[in-house]
Amino acid sequence: MSEENTLSDLGWSHHFQSQLTDEDAGARPMRVSEVHRSSLTALDADGAHFIVFSAQITSGDVAVGDWILVEADADRIIRVLDRKSHLSRRAAGPELREQLVAANVDTLFIVTSCNADFNEARLERFISMAFEANATPIIVITKADQTDDNGADYVRRAEKLSLGQVAIPINAKDPADLERLMSWCGPKETIALLGSSGVGKTTITNGIAGTSEATSDIREDDAKGRHTTTARSLHRIDGGGWLVDTPGMREFGLFEAADGINAVFQDVLEFAENCKFRDCAHESEPGCAVRAAIERGELDADRLERWRKLQREDAHQSETIAQSRKRGKDFARMVKDVKKVKHRKYRGD
Ligand SMILES: Nc1nc2c(ncn2[C@@H]2O[C@H](COP(=O)(O)OP(=O)(O)OP(=O)(O)O)[C@@H](O)[C@H]2O)c(=O)[nH]1
Ligand SMILES: [Zn+2]
């Protein structure tokens with residue numbers, strides 16, 4: 001199948017084309033389908049290419065879904081093209097570092113079920129992450145077949161979580177229901193699934209990429225010129241689009257998401273604009289428009305609490321990140337100063 005992929009099939013668009021200059025004549029755009037420690041695999045019209053990282057571009061600089069420019073006559077990366085979106089998480093380890101999880105994802109399917117998994121706070125967090133990443137959040141509510149109203153009540157609750165939020169109830173095991181996700185899965189579209197264990201992500205993946213699962217394995221030549229078959233993190237889906245499915249997607253959490261949180265809680269922020277005090281904490285201050293909205297029944301008191309909690313968490317994390325960056329900078333400055341001193345000594349002034 002890889003032979004049939006044109007760049008356009010792979011999701012190439014004006015956004016990427018417009019980044020090319022005359023100097024890039026002959027360079028080959030490719031889409032990253034797998035990232036390893038010292039190499040990556042990328043697709044273009046010719047199939048899969050195995051590319052070893054250089055000193056300039058390493059595994060931390062690219063994610064599955066990225067578009068890279070590769071030299072005309074050597075499998076060397078020139079640069080990573082600017083992303084339309086990127087999902088990131090906190091890297092493992094004591095340092096608070098950002099780690100890319102996926103790039104150029106258009107739609108993030110946030111999967112939950114018609115049962116105890118359905119949790120407003122968690123969904124608001126996921127929607128914030130999607131907004132922060134610049135991907136469209138669509139809430140997919142599985143196990144609708146296990147309710148009396150085909151999940152209608154859950155849909156109502158989900159759609160209240162963010163302005164214009166779309167929520168789709170499905171039985172993930174029913175192909176006819178999966179059809180309802182297809183408008184986000186068409187050619188050039190890239191999707192990813194996010195949700196807790198057991199909500200049906202694998203069932204959905206098999207349902208929409210099922211027939212392609214075998215064919216999404218790409219043959220590539222190994223060093224001895226033999227064909228080897230490897231599974232990819234970028235799967236072709238039935239609608240013609242692509243699904244990013246990396247292990248990182250499973251543990252992807254909130255990372256510096258203030259803008260995303262603000263986007264989800266736009267309603268609260270709008271009420272807060274009318275508070276008497278600019279720094280109103282919406283506790284017991286006089287003239288608090290947020291509390292007034294709660295009293296009028298226009299805002300859910302629980303939602304205010306959830307907003308506070310998410311904001312606190314994000315603020316705490318951003319602070320820690322700022323501190324560790326400052327420590328890093330201080331260290332870099334110290335190294336530079338030491339070098340200057342050495343340099344001066346060498347010059348003899
Ligand atoms: N009745 C019904 N069962 C479902 C539905 N979606 C998933 N299931 C079942 O729920 C179980 C868990 O589904 P999975 O697809 O494995 O869930 P997952 O999100 O991939 O779980 P992890 O792999 O642990 O992350 C399986 O037994 C599915 O058959 C649904 O819409 N309706
Ligand atoms: Zn207030």
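Along the sequence shown, residues carry numbers from 1. First listed ligand is number 1; within each ligand, the first listed atom is number 1.
For ligand 1, one of its N or O atoms has an N or O atom of Asn171 under 3.5 Å away.
Taking 4.0 Å as the cut-off, Gly198 counts as a neighbour of ligand 1 on heavy-atom distance. In this structure, Ser113 has no heavy atom closer than 4.0 Å to ligand 1.
If you number the atoms of ligand 1 from 1 as listed, the ones under 4.0 Å from a heavy atom of Lys201 come out as 15 (O), 17 (O), 18 (P), 19 (O), 20 (O), 25 (O). Listed by number with element, the atoms of ligand 1 under 4.0 Å from a non-hydrogen atom of Ser196 are 19 (O). Close approach to Thr203 involves these atoms of ligand 1, each under 4.0 Å from a residue heavy atom: 7 (C), 13 (O), 14 (P), 15 (O), 28 (C). Ligand-side atoms of ligand 1 in range of Asp145: 1 (N), 2 (C), 30 (C), 31 (O), 32 (N), range being under 4.0 angstrom from any heavy atom. Interface of Ile170 with ligand 1, defined as ligand atoms under 4.0 Å from a residue heavy atom, comprises 31 (O).
Surrounding CG of Leu269 are more than 12 heavy atoms belonging to other residues, nucleotides or ligands, all under 6.0 Å away.
If you check the side chains of His86 and Asn134, you find no donor sitting under 3.5 Å from an acceptor. In the model, Gln17 has a side-chain atom that pairs as donor or acceptor with a side-chain atom of Trp12 under 3.5 Å. A donor-acceptor contact closer than 3.5 angstrom is absent between the side chains of Thr58 and Arg37. Between the side chains of Ser33 and Thr41, not a single donor N or O lies within less than 3.5 Å of an accepting N or O. In summary, the side chains of Asp117 and Ser196 do present a donor paired with an acceptor at a separation below 3.5 Å, with no hydrogens or angles considered.
With the Zn ion (ligand 2) at the apex, Cys275 SG and Cys280 SG define an angle of roughly 120° (rounded to 10 degrees).
Ion pairing between Arg28 and Asp75 holds under the 4.0 Å rule for side-chain N and carboxylate O.
In His282, the N, O or S atom that comes nearest to the Zn ion (ligand 2) is ND1.
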